[in-house]
There are 2 protein chains.
Amino acid sequence: MNLILIMVKMIIDRWEANIINFNAVLNSITNEQLQKEVSPGKNRGIYLLGHLIAVHDKMLRLLDFEDSQDPELHKMFIDAPDKSISEITSANDLRLLWSRQSEMLTQKISRMRPEEWFEKHTSVSSEDFIKSPHRNKLNILLTRTTHLSYHTGQMVLIK
Amino acid sequence: MNLILIMVKMIIDRWEANIINFNAVLNSITNEQLQKEVSPGKNRGIYLLGHLIAVHDKMLRLLDFEDSQDPELHKMFIDAPDKSISEITSANDLRLLWSRQSEMLTQKISRMRPEEWFEKHTSVSSEDFIKSPHRNKLNILLTRTTHLSYHTGQMVLIK
């Protein structure tokens, strides 16, 4: 196996392992528990779930997979801090969105050819990409993997 | 820049960004705060700090950098759960160990030639490595980066 294939596999494996890990946590907590803060005064579980869906929704665009599916979630779970909006999407709806989105992402990721991962992502200009070739699609997947891991470490605390 | 160099840089950049992120959190909390649990009934900050030092200490061996420096920390912060051992290393000593270790790791990482990252790490056999070439040194750095991110997400909660 050549080194490019190995490296692409390493990062996709990390993404998938972190999705599996997050799903295990999510499936082990109830909708009632999702209303709890991960620590006193901090974000609630439901906000973290919405936040991850919103960030991954933006990833669809960055990876040039498709247009953002749920732009209203960006306002609710990225622009606005937790508890600043009284009516947010329900836990059941977020669970459904999350599982649909994860499946879709898994499918799209599996269809990428290795060399496509080294293309520029959609928010970097062609000029900047020449100077910074690490600003590629694989780097988006990598940074979103550590982001997912960060919030999984928080979500697990409400168990 | 060739793709191998780009990918190695991407992962080292992620490691370094996560170390900087953790240091910012650590420097913003006091020794008294480190004695607090990240969430009621969960690990204390001081345990997480010790845990990261112990896991990164094992990484020195896995990357064939050098022998483990603090094997007694493995017992205290990996084998034993938090609050099961009454006398653990002090917060001041852990802070010192952490900063020395991070500097040393940064130095050793910067000296690696790109192709060395694709060598097998020390806990995989040569036979298994032929079948699983992704079990290389770079994958150790990658998995420890997501591990660090997971616990940084928890540590930030005691601020």
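Residue numbering restarts at 1 for every chain, and letters A, B, ... go by the order of the sequence lines. The analysis underlying the following values was restricted to heavy atoms, covering all of them including side chains, and did not include hydrogens, waters or symmetry mates.
- Gln154(B) contributes no side-chain N or O that, together with a main-chain N or O of Gln154(A), makes up a donor-acceptor pair within less than 3.5 Å.
- Although no hydrogens or angles enter the test, the distance criterion places a donor-acceptor pair under 3.5 Å between the side chain of Ser39(A) and the main chain of Val38(B).
- Annotation: side chain of Asn139(B) is not in contact with side chain of Ile6(A) (no heavy-atom distance under 4.5 Å).
- Connection of Trp117(B) to Phe129(B) is not established within any shared hydrophobic cluster, with ILVMFWY side chains joined at heavy-atom distances below 4.5 Å, either directly or through further cluster members.
- Linking ILVMFWY residues whenever their side-chain heavy atoms come closer than 4.5 Å, directly or via other members, places Trp98(A) and Phe65(A) in the same cluster.
- Counting heavy atoms from C-beta outward, Met10(B) and Asn136(A) have side chains that approach closer than 4.5 Å.
- Ranked by heavy-atom pairs shorter than 4.5 Å toward chain A, the options Thr143(B), Thr152(B), Leu142(B), Ile158(B) are led by Leu142(B).
- Rounded to the nearest 0.5 Å, atoms CZ (Arg14(B)) and CD1 (Ile11(A)) are 10.5 Å apart.
- Under the 4.5 Å side-chain heavy-atom criterion for grouping Ile, Leu, Val, Met, Phe, Trp and Tyr, Ile85(A) is connected to Phe77(A) within one hydrophobic cluster.
- For the atom pair CH2 (Trp15(B)) and OG1 (Thr146(A)), the distance works out to 13.0 Å, reported to the nearest 0.5 Å.
- The environment of Lys108(A) atom NZ is dense: over 12 non-hydrogen atoms of other residues, nucleotides or ligands sit within 6.0 angstrom.
- Nearest heavy-atom pair across Lys159(A) and Lys42(B) is O-NZ, 3.2 Å.
- No single ILVMFWY cluster, assembled from side-chain heavy atoms under 4.5 Å apart, contains both Val55(B) and Leu62(B).
- The structure places CD1 of Ile4(B) at 3.5 Å from CD1 of Ile4(A), a figure rounded to the nearest 0.5 Å.
- Across all non-hydrogen atoms, the minimal contact from Met7(A) to Val8(B) is CE-N, 3.9 Å.
- Residue Asn43(B) does not touch chain A at all, counting heavy-atom pairs closer than 4.5 Å.
- Using a 4.5 Å cut-off between heavy atoms, Leu148(B) does not touch chain A at all.
- Cluster annotation: Ile46(A) is connected to Ile29(A) through the hydrophobic network of ILVMFWY side chains, with a link wherever side-chain heavy atoms come within less than 4.5 Å.
- What you find for Tyr150(A) and Val156(B) is that their closest heavy atoms are OH-CG1, 3.4 Å.
- In this structure, CG in Leu3(A) is found 10.5 Å from CG in Leu3(B), a value given to the nearest 0.5 Å.
- More than 12 heavy atoms of other shown residues, nucleotides or ligands fall within 6.0 angstrom of atom NZ in Lys83(B).
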